[in-house]
Asker: 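One structure, pasted below without further comment.
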Protein chains: 2
Amino acid sequence: MAEGGSGSPGGESLLFLTDEQLRKGIEAMFFAYRGFTADPDRILAEKGYGRAHHRAIHFINRSPGTTVNNLLGILGVTKQSLNRVLRALIDEGLVESRVGKRDKRERHLYLTGTGVTLETALSNAQRARMRAAYRVAGPEAVAGFRMVLEAMMDPDMQRHFGAVREAGA
Amino acid sequence: MAEGGSGSPGGESLLFLTDEQLRKGIEAMFFAYRGFTADPDRILAEKGYGRAHHRAIHFINRSPGTTVNNLLGILGVTKQSLNRVLRALIDEGLVESRVGKRDKRERHLYLTGTGVTLETALSNAQRARMRAAYRVAGPEAVAGFRMVLEAMMDPDMQRHFGAVREAGA
DNA sequence: AGTTTATGTCAGCCTTGTTGACATTCCAAG
DNA sequence: CTTGGAATGTCAACAAGGCTGACATAAACT
């Protein structure tokens with residue numbers, strides 16, 4: 001179907017990027033993102049949480065002691081939206097909020113034992129899916145995967161990507 | 001941080017997939033998906049539409065004449081949710097709904113001229129972003145990217161992926 | 001004739017995003 | 001010391017877009 005008529009239809013002739021090939025990339029992102037979130041979503045639904053809670057938990061786990069403002073920058077939502085989610089997590093004992101030592105306005109966020117337990121369950125599920133995909137695709141594909149994804153981010157987000165700084169309380 | 005201590009920390013030794021490398025893959029998906037939807041989101045917001053409308057428009061454009069049931073399977077939402085979106089698009093003249101010739105229960109969906117115009121704007125923006133990412137990453141990376149994404153999909157969705165059948169009215 | 005299928009629609013609820021307004025705390029500059 | 005502004009929290013209201021349940025209709029199938 002409108003593959004170009006020339007050679008190999010498997011998507012190999014990638015020097016010319018036809019609209020059709022780009023369309024497939026777009027749809028691949030759509031379908032893959034759904035698969036990517038499916039397993040955590042199931043776990044979260046059982047506990048009465050949503051994807052927003054997952055994101056907060058993930059980034060607090062990645063950078064323990066991160067501040068609310070920091071999280072806001074990474075997650076790209078309003079403080080009100082984040083606050084609603086954080087309040088639930090704090091009230092239910094998954095996240096601890098400590099007043100900053102140097103700057104007492106800041107709140108530093110940490111996962112509690114319960115929080116770590118949920119985070120582990122979530123990321124185990126997600127890692128299993130990703131590991132399976134990696135295994136099917138092979139090592140070179142993984143490198144390409146990451147390279148394309150990184151190039152697709154907004155520049156501001158590339159800054160946050162992969163940076164695990166411990167954010168001293 | 002827990003990068004393994006051995007060789008190249010850039011994420012090259014991909015035969016052993018450390019949790020840290022998988023975490024980076026997970027975050028890459030998160031940040032990249034945001035970048036991926038950012039441009040269309042801006043265009044949609046101007047017109048008073050959302051991502052749900054975009055998805056409907058995209059798949060109707062991909063498979064003109066597709067039925068509502070078909071779309072439901074692809075999009076993975078309830079008919080009530082989809083119907084709300086479709087009603088808006090039909091009322092505002094972006095989508096046309098034709099009663100099926102063979103089976104008159106079915107409605108076949110088509111983009112109108114206006115619908116095609118918006119679709120073009122949306123996919124131009126998205127394709128530009130993807131083309132830029134592809135160019136930065138190179139042809140081999142693109143192949144890997146697509147391979148990993150396809151492996152990350154739910155099996156049911158792999159069925160829909162890339163299939164452009166014209167769905168005879 | 002009765003059942004199933006495809007669709008539409010109404011009502012209500014939830015999550016998660018938004019804006020706007022306002023209070024508190026507290027660092028830092030004047 | 002006072003004031004400005006930054007960081008945070010919180011209240012209210014709203015919208016998009018998911019969801020469930022219930023019900024209606026028309027057409028197809030058996």
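Proteins get letters first, then strands, A, B, ... in listed order; numbering begins at 1 in each.
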Asker: Closest-nucleotide mapping onto DNA chain D: is A/Asp103 or A/Gln80 further toward the 5' terminus? I mean the 5' end.
Answerer: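 Upstream on the strand: A/Asp103.
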Asker: I want to verify a distance call: between D/dG18, D/dA22, D/dC11, whose nearest atom is closest to the B/Lys79 side chain?
Answerer: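 Of all the options, the side chain of B/Lys79 is nearest to D/dA22.
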Asker: When we call it a touch if two heavy atoms are under 4.0 Å apart, what does B/Gly48 touch: a base, just sugar-phosphate, or nothing?
Answerer: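 If one applies the 4.0 Å heavy-atom cut-off, B/Gly48 turns out to touch nothing in the nucleic acid.
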Asker: Is there a side-chain contact between A/Arg55 and the phosphate of C/dG17, meaning an N or O under 4.0 Å from OP1 or OP2?
Answerer: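 Yes, because at least one side-chain N or O of A/Arg55 sits under 4.0 Å from OP1 or OP2 of C/dG17.
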Asker: Indicate whether OP1 or OP2 belonging to C/dG17 is found under 4.0 Å from a side-chain N or O atom of A/Thr78.
Answerer: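 Checking C/dG17 against A/Thr78, no side-chain N or O comes under 4.0 Å of OP1 or OP2.
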Asker: Looking only at the side chain of B/Lys104 (C-beta and beyond, no hydrogens), which of the listed nucleotides D/dA27, D/dT8, D/dT10 gets closest?
Answerer: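 Output: D/dA27.
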Asker: Identify, between B/Ser81 and A/Ser97, the residue whose nearest nucleotide on DNA chain D lies closer to the 5' end.
Answerer: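 So the residue in question is A/Ser97.
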Asker: OP1 or OP2 of C/dT16 versus the side-chain N and O atoms of A/His53: is any pair under 4.0 Å?
Answerer: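 The answer is yes; a side-chain N or O of A/His53 sits under 4.0 Å from OP1 or OP2.
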Asker: Grab the CZ-C1' distance between A/Arg102 and C/dT25 for me, whole Å please.
Answerer: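 One finds 17 Å between C1' of C/dT25 and CZ of A/Arg102, rounded.
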Asker: Of the options D/dA28, D/dG5, C/dT9, whose atoms approach the side-chain atoms of A/Arg105 most closely?
Answerer: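 Looking only at heavy atoms from C-beta outward on A/Arg105, the closest nucleotide is D/dG5.
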Asker: Roughly, in whole Å, what's the span from CZ in A/Arg98 to C1' in D/dT8?
Answerer: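 Computing the A/Arg98:CZ to D/dT8:C1' distance gives 18 Å.
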Asker: Has B/Asn69 got a side-chain N or O lying under 4.0 Å from the OP1 or OP2 atom of C/dT5?
Answerer: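 Answer no for this pair, as no side-chain N or O of B/Asn69 is under 4.0 Å from OP1 or OP2.
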Asker: How many whole angstroms separate atom CG of B/Leu75 from atom C1' of D/dC19?
Answerer: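 It works out to 16 Å between those atoms.
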Asker: Measure the distance from NE2 on B/His54 to P on D/dG18 and round it to the nearest whole Å.
Answerer: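 Atom-to-atom, B/His54 to D/dG18, this comes out as 14 Å.
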Asker: State which of C/dT7, C/dG20, D/dG17 makes the closest approach to the side chain of B/Arg107.
Answerer: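 Among the listed nucleotides, the one closest to the side chain of B/Arg107 is C/dT7.
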Asker: Side-chain contact test, heavy atoms from C-beta onward, threshold under 4.5 Å: evaluate it for B/Leu22 versus A/Arg131 and give yes or no.
Answerer: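 Yes, their side chains come closer than 4.5 Å.
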Asker: Would you indicate, yes or no, if D/dG9 has its OP1 or OP2 atom less than 4.0 angstrom from a side-chain nitrogen or oxygen of A/Arg87?
Answerer: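 Negative; the distance criterion is not met.
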Asker: Quick one, A/Leu89 and A/Tyr49 - any side-chain contact, counting heavy atoms below 4.5 Å?
Answerer: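 Sidechains of A/Tyr49 and A/Leu89: in contact.
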Asker: Relative to each other, are the rings of B/Phe31 and A/His160 parallel, tilted or perpendicular (30° and 60° limits)?
Answerer: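 Plane angle under 30°, so parallel.
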Asker: For B/Leu72 and for A/Tyr49, locate the closest nucleotide of DNA chain C by heavy-atom distance; then report the residue assigned to the nucleotide nearer the 5' terminus.
Answerer: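 The answer here is B/Leu72.
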Asker: What is the distance, to the nearest angstrom, from the CG atom on B/Leu82 to the C1' atom on D/dA16?
Answerer: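 The distance from CG of B/Leu82 to C1' of D/dA16 comes to 15 Å, rounded to the nearest Å.
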Asker: Regarding A/His58 and B/Glu27, do their side chains bring together a donor and an acceptor under 3.5 Å, going by distance alone?
Answerer: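 Short answer, yes.
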Asker: Take atom CD1 of B/Ile57 and atom P of D/dG17, then tell me their distance rounded to the nearest Å.
Answerer: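 Atom-to-atom, B/Ile57 to D/dG17, this comes out as 11 Å.
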Asker: Taking CG from A/Asp91 and C1' from D/dT10, how many angstroms apart are they, rounded to a whole number?
Answerer: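 After rounding, the reported distance stands at 13 Å.
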Asker: Which nucleotide wins on minimum distance to the side chain of B/Asn83, given the candidates C/dG17, C/dT9, D/dT8?
Answerer: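 The closest nucleotide is C/dT9.
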Asker: B/Val68 has a side chain; which of D/dG21, C/dT7, D/dA28 sits nearest to it?
Answerer: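 Given the options D/dG21, C/dT7, D/dA28, the side chain of B/Val68 is closest to C/dT7.
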Asker: Taking the six-membered ring of B/Tyr110 as reference, does the NZ or CZ atom of B/Arg98 fall below 6.0 Å from its centre and within a 45° cone about the axis?
Answerer: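 Positive - B/Arg98 is close enough to the ring of B/Tyr110 and near enough to its axis.
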Asker: Tell me if a side-chain donor or acceptor on B/Ser63 pairs with a main-chain N or O of B/Thr66 at a distance below 3.5 Å.
Answerer: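 Checked: no pair found.
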Asker: Tell me the interatomic distance from B/Arg34, atom CZ, to C/dG17, atom P, rounded to whole angstroms.
Answerer: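 Going from B/Arg34 (CZ) to C/dG17 (P), I get 10 Å.
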Asker: To the side chain of A/Arg84, which of C/dT18, D/dA27, D/dG18 is closest?
Answerer: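 Of the candidates, C/dT18 comes closest.
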